[in-house]
Amino acid sequence: MLALIVAVAQNGVIGKDNSLIWHLPNDLQFFKKTTNGHVIIMGRRTFESLPFLLPNREHWVITKSKGFNAPEGVRIFSSPQEAYEAAQSLDMAFVIGGAQIYKEFLPYVDRMYITEVLQEFDGDVSFPTFQKDDFEVTNVVDGVVDEKNTYPHRFVTYDRKGQV
Ligand SMILES: NC(=O)c1ccc[n+]([C@@H]2O[C@H](COP(=O)([O-])OP(=O)(O)OC[C@H]3O[C@@H](n4cnc5c(N)ncnc54)[C@H](OP(=O)(O)O)[C@@H]3O)[C@@H](O)[C@H]2O)c1
């Protein structure tokens, strides 16, 4: 199965200045738990925004650059199609962003894990609009707001109709 995982503000924003905007430890935990042990597929800009290689996950990075210097263990792909084909042999893989890569993979994902952050933010990249009719909401869990997680949020799973 190919899934994507993303945290999206109420106005669609997902990032600013090549980084995340909000601090929501509950979502980081959800991301860690969900993607643990799996391949994570990302654009070159998202890869460069990571503070370090995420443990216990194989990083696949998409770039047009022939000279991209990747750390050992990181697999490079020259197009989303190439990564998509390689992912066909896996039980599970996660597209983890950013905006360009979500847009290119949206037609191909079977499932989307969307953390809805119920507040508007100022940003420079957004999650692409998608046909809600193509998906069925199969799980919704409200996040717990506390002193460390100050924004209301919920974890929503969308499964592509007729696929899962
Ligand atoms: N809220 C969230 O859950 C979340 C998750 C992930 C990222 N983000 C945010 O999203 C932002 C980054 O997103 P972004 O859209 O700017 O960049 P991105 O999608 O991470 O990466 C874009 C890069 O991917 C490569 N690429 C894209 N399409 C390609 C194609 N068809 N063929 C070959 N290579 C291709 C290109 O690399 P080259 O230029 O090297 O060719 C392009 O510059 C950051 O602010 C980040 O924090 C948010």
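Everything quoted here is computed from the prediction, not taken from an experiment. Whatever order the structure lists them in is the order used to number ligands and atoms, beginning at 1.
- The nearest pair of heavy atoms linking Tyr108 to Leu2 is O-CD2, 4.1 Å.
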Give every donor-acceptor pair under 3.5 Å between a side-chain atom in residues 86-96 and any protein atom, sequence neighbours left out.
residue	atom	partner	partner atom	Å
Gln88	NE2	Tyr84	O	3.3
Gln88	NE2	Tyr84	OH	3.4
Ser89	OG	Ala86	O	3.1

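- With sequence neighbours excluded, no residue forms a salt bridge (charged side-chain N to carboxylate O under 4.0 Å, His left out) with Arg45.
- Here the shortest heavy-atom pairing between Met112 and Leu106 reads SD-CD1, 3.6 Å.
- Sorted by chain then number, the residues whose non-hydrogen atoms approach ligand 1 to under 4.0 Å are Val6, Ala7, Ile14, Gly15, Lys16, Asn18, Ser19, Leu20, Gly43, Arg44, Arg45, Thr46, Ile62, Thr63, Lys64, Ser65, Ser78, Ser79, Pro80, Ile96, Gly97, Gly98, Ala99, Gln100, Ile101, Tyr102, Glu104, Val125.
- Nearest heavy-atom pair across Ala7 and Trp22 is O-CZ2, 3.4 Å.
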Show me the side-chain donor-acceptor pairs of residues 24-32 shorter than 3.5 Å, one per line, residues at least two apart or across chains.
residue	atom	partner	partner atom	Å
Asn26	OD1	Asn149	ND2	3.2
Asn26	ND2	Val144	O	2.9
Asn26	ND2	His153	NE2	3.2
Asp27	OD1	Thr115	OG1	2.6

